[in-house]
Amino acid sequence: LGRIRWIVTLENKGTVALHDVMPRVDFKSGPTLYGEPVDAIGPGEIGRSLLVGEVTEDSEDASSVEFTLTLAEAYW
């Protein structure tokens with residue numbers, strides 16, 4: 001893959017606003033990357049975070065990359 005620039009969308013399905021929301025992507029055979037913090041996401045709203053970094057393909061299959069998307073932090 002090389003250098004990536006992803007826009008991660010975050011939907012607040014709760015009833016209270018979320019603040020300082022930061023997504024995290026853990027790549028199976030590579031780095032952990034953090035997206036830009038989102039100041040606030042109101043109830044029912046969608047926030048967007050830019051995630052930038054260097055990623056290599058999985059050694060087993062050069063056409064795929066495995067990752068897990070989580071929240072590094074968020075406050076309400």
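Just so it is clear, the model here is predicted, and its values are computed rather than measured.
- Nearest heavy-atom pair, Gly14 versus Pro43, reported as atom, atom and distance to 0.1 Å: O-CB, 3.5 Å.
- Considering only heavy atoms from C-beta on, Val55 comes within 4.5 Å of Val65 through its side chain.
- The nearest pair of heavy atoms linking Val38 to Ile41 is CG1-CG1, 3.7 Å.
- Shown here are the ring-ring contact (aromatic ring centres under 6.0 Å, His included) partners of Tyr34, two or more places apart in sequence or in another chain: there are none.
- Connection of Leu50 to Leu69 is not established within any shared hydrophobic cluster, with ILVMFWY side chains joined at heavy-atom distances below 4.5 Å, either directly or through further cluster members.
- Screening Thr68, Thr32, Leu33 for a side chain to side chain contact (heavy atoms under 4.5 Å, CB included) involving Phe27 leaves a single residue, Leu33.
- Each side-chain hydrogen bond (donor to acceptor under 3.5 Å, both in side chains) pair with one or both residues in residues 37-49, not counting sequence neighbours, would appear here, but there are none.
- Both Val52 and Ile7 belong to a single network of hydrophobic side chains, linked directly or stepwise wherever heavy atoms of I, L, V, M, F, W or Y lie under 4.5 Å apart.
- Under the 4.5 Å side-chain heavy-atom criterion for grouping Ile, Leu, Val, Met, Phe, Trp and Tyr, Val8 is connected to Ile4 within one hydrophobic cluster.
- To the nearest 0.5 Å, atoms NZ (Lys13) and CD1 (Ile46) are separated by 9.5 Å.
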Show the atom names and distances, to 0.1 Å, of all donor-acceptor pairs under 3.5 Å that link a side chain in residues 17-24 to residues at least two apart or in another chain.
| unit_1 | atom_1 | unit_2 | atom_2 | d |
| --- | --- | --- | --- | --- |
| Arg24 | NE | Asp26 | OD1 | 3.4 |
| Arg24 | NE | Asp26 | OD2 | 3.1 |
| Arg24 | NH2 | Asp26 | OD2 | 3.1 |

